[in-house]
Protein chains: 2
Amino acid sequence: MQLIQNISDELILYGIKPSYHRIKIYEYIVNNNIHPTVDTIFKTLSNEIPTLSKTTVYNTLKLFEEQKLIKSVNIEENEIRYDARKNIHGHFKCERCGKIYDFDYNYNDLKYKGLEHFIFNKTDIMIKGICKLCASEN
Amino acid sequence: MQLIQNISDELILYGIKPSYHRIKIYEYIVNNNIHPTVDTIFKTLSNEIPTLSKTTVYNTLKLFEEQKLIKSVNIEENEIRYDARKNIHGHFKCERCGKIYDFDYNYNDLKYKGLEHFIFNKTDIMIKGICKLCASEN
DNA sequence: TGCATAATTGTAATGATTATAAAATAAAAA
DNA sequence: TTTTTATTTTATAATCATTACAATTATGCA
Ligand SMILES: [Mn+2]
Ligand SMILES: [Mn+2]
Ligand SMILES: [Zn+2]
Ligand SMILES: [Zn+2]
């Protein structure tokens, strides 16, 4: 569990005014490293904040991403997921159990051909398949 | 321009019965390497086939992907694009002009940590940024 | 306190995709 | 060729995540 103070400071560091809702939403994403959807965030926090609006969740996540506090993970066609981890990593989605795994890779060795003088803003490696657990269950 | 015969044969090779619509749709994707959306495919082919239904385009693309004839490219949050190129390659989306570029990379050197015994079905490298052309325009 | 600004809310609109059932076409059987 | 059956295509409605918008509430400051 992270202290409210740290969460608030981090928002400020990224140029975001730390309102109560924003703190709660960012805190949730940081403490629950499950790449949640808007709906998951909304439903979970609604218990604690009954007046919370889904529009606020959308607006807040959009603001967070613009300010580069979080990243959206576009591994599913039909919904956007969110990630607060700042280190470079890829995502694996198990097509059987639905879980999304983080993984590291040797990005320094990765060489792109034909993208000289292109400006990179966001790089994603997305893999779909069957996770170790599901694969062992046969 | 590819011959109808080749297109038809390739569909059969992938276990797809080559109906007129299916041939036209696959032919379009192969001959127009622009990662088209469903809407682009539908609108373009509608000129030639006025009775074409958008549902048919959806159904056909779904069938093609299930049979591994084509791949869906999920680089945009709000729409799916389609690609008939079979070689391994990544995608770059220019955030200014919207164009999607193919690029090659040294996939043999890519090492994933923590995915031992995971089964891979589909791997995608997606990059967003500004393309060379747009970057030079300042 | 009163005013300006920012944040939040609720509802409606959008738009891509999917579901469904009917119609058209093709293939198989008689 | 006719009849029957299976496949493909179509049109329309439903779904659902996201966005637009305008009203309301909260915050900061003179
Ligand atoms: Mn992650
Ligand atoms: Mn491509
Ligand atoms: Zn699994
Ligand atoms: Zn560009």
Side-chain angles (χ1 to χ4, degrees), chain A residues 7-8 11-12 14-28 35-67 69-83 93 98 100, chain B residues 7-8 11-12 14-28 35-67 69-83 93 98 100:
Chain A
I7 293 286
S8 188
L11 292 180
I12 292 166
Y14 280 82
I16 298 160
K17 230 187 272 182
S19 75
Y20 177 71
H21 288 118
R22 288 170 179 172
I23 290 171
K24 283 296 181 187
I25 291 171
Y26 184 53
E27 190 180 38
Y28 176 80
H35 310 91
T37 62
V38 166
D39 207 59
T40 303
I41 298 169
F42 172 69
K43 287 205 173 114
T44 308
L45 289 182
S46 284
N47 297 324
E48 220 182 324
I49 315 164
T51 62
L52 183 67
S53 161
K54 196 176 257 190
T55 305
T56 299
V57 180
Y58 273 104
N59 291 341
T60 303
L61 293 170
K62 188 180 196 173
L63 173 69
F64 285 178
E65 190 175 19
E66 280 167 1
Q67 299 296 93
L69 175 67
I70 65 173
K71 276 186 181 167
S72 61
V73 180
N74 215 9
I75 200 165
E76 312 222 42
E77 325 68 39
N78 57 335
E79 61 186 9
I80 304 176
R81 292 169 168 275
Y82 290 92
D83 193 346
K93 162 101 188 280
I100 293 176
Chain B
I7 293 286
S8 187
L11 292 180
I12 292 166
Y14 281 83
I16 298 159
K17 230 186 271 182
S19 74
Y20 178 71
H21 288 116
R22 288 170 180 169
I23 290 171
K24 283 296 181 187
I25 291 170
Y26 184 53
E27 191 180 38
Y28 176 80
H35 310 92
T37 62
V38 166
D39 207 58
T40 303
I41 298 169
F42 172 69
K43 286 203 174 116
T44 309
L45 290 182
S46 284
N47 297 325
E48 220 182 323
I49 316 165
T51 63
L52 183 67
S53 160
K54 196 177 257 190
T55 305
T56 299
V57 180
Y58 273 105
N59 292 340
T60 303
L61 293 170
K62 188 179 197 174
L63 173 69
F64 285 178
E65 190 176 19
E66 280 167 2
Q67 300 296 96
L69 176 67
I70 64 173
K71 276 185 181 168
S72 60
V73 180
N74 215 12
I75 200 164
E76 311 222 43
E77 323 69 38
N78 57 335
E79 60 186 11
I80 304 176
R81 292 169 168 275
Y82 290 92
D83 193 346
K93 163 100 187 282
I100 292 176

Open item on the list: In this structure, how many angstroms lie between the C1' atom of C:dA16 and the CG atom of B:Leu61, rounded?
Closed with: 13 Å

- [ ] Assess whether side-chain contact (heavy atoms from CB on, under 4.5 Å) is satisfied between B:Leu11 and B:Gln67, documenting all intermediate values.
- [x] CA-CA 9 Å; B:Leu11 292 180; B:Gln67 300 296 96; over 6 Å; no

- [ ] For the side chain of B:Lys17, starting at C-beta, report the closest nucleotide among C:dA7, D:dT7, D:dT18.
- [x] D:dT7

- [ ] Whole angstrom is fine here: how far is it from CG in B:Asn74 over to C1' in C:dA16?
- [x] 12 Å

TODO: Report the distance from atom CD1 of B:Ile41 to atom NZ of B:Lys54, rounding to the nearest 0.5 Å.
DONE: 11.0 Å

TODO: Specify the separation, in whole Å, of atom CZ of B:Arg81 and atom C1' of C:dT17.
DONE: 16 Å

TODO: Between B:Lys62 and B:Asn78, just flag the one whose closest nucleotide in DNA chain C comes earlier from the 5' side.
DONE: B:Asn78

Task: Rounded distance (Å) that lies between atom P of D:dA17 and atom OH of A:Tyr82 - done: 13 Å

Open item on the list: Just to be sure I understand the geometry, which residues of residues 41-59 of chain B put a non-hydrogen atom under 4.0 Å away from DNA chain C?
Closed with: B:Thr55, B:Tyr58

TODO: Let me know which of A:Leu52, A:Thr55, A:Thr56 forms a side chain to side chain contact (heavy atoms under 4.5 Å, CB included) with A:Phe42.
DONE: A:Leu52

Open item on the list: Counting only side-chain nitrogens and oxygens, does B:His21 get under 4.0 Å of the OP1 or OP2 atom of C:dT25?
Closed with: no

- [ ] Round to the nearest Å and state the distance from B:Ile16 atom CD1 to D:dT8 atom P.
- [x] 11 Å

Open item on the list: Just the rounded figure in Å: distance from P of D:dT18 to CD of B:Glu79.
Closed with: 15 Å

Open item on the list: Between A:Lys62 and A:Glu65, does any side-chain N to carboxylate O distance fall below 4.0 Å?
Closed with: no

TODO: Please state how far atom CD1 in B:Ile23 lies from atom C1' in D:dT8, giving the value in whole angstrom units.
DONE: 13 Å

Open item on the list: Within this structure, what is the NZ-OG1 distance for the pair B:Lys24 and B:Thr44, rounded to the nearest 0.5 Å?
Closed with: 12.5 Å

- [ ] Report the distance from atom CD1 of B:Ile80 to atom P of C:dG15, rounded to the nearest whole Å.
- [x] 17 Å

Task: Single hit among B:Leu63, B:Leu61, B:Ile16 for side chain to side chain contact (heavy atoms under 4.5 Å, CB included) with B:Leu69 - done: B:Ile16

TODO: Examine distances only and state if a side-chain atom of B:Arg81 and a backbone atom of B:Ile75 form a donor-acceptor pair shorter than 3.5 Å.
DONE: no

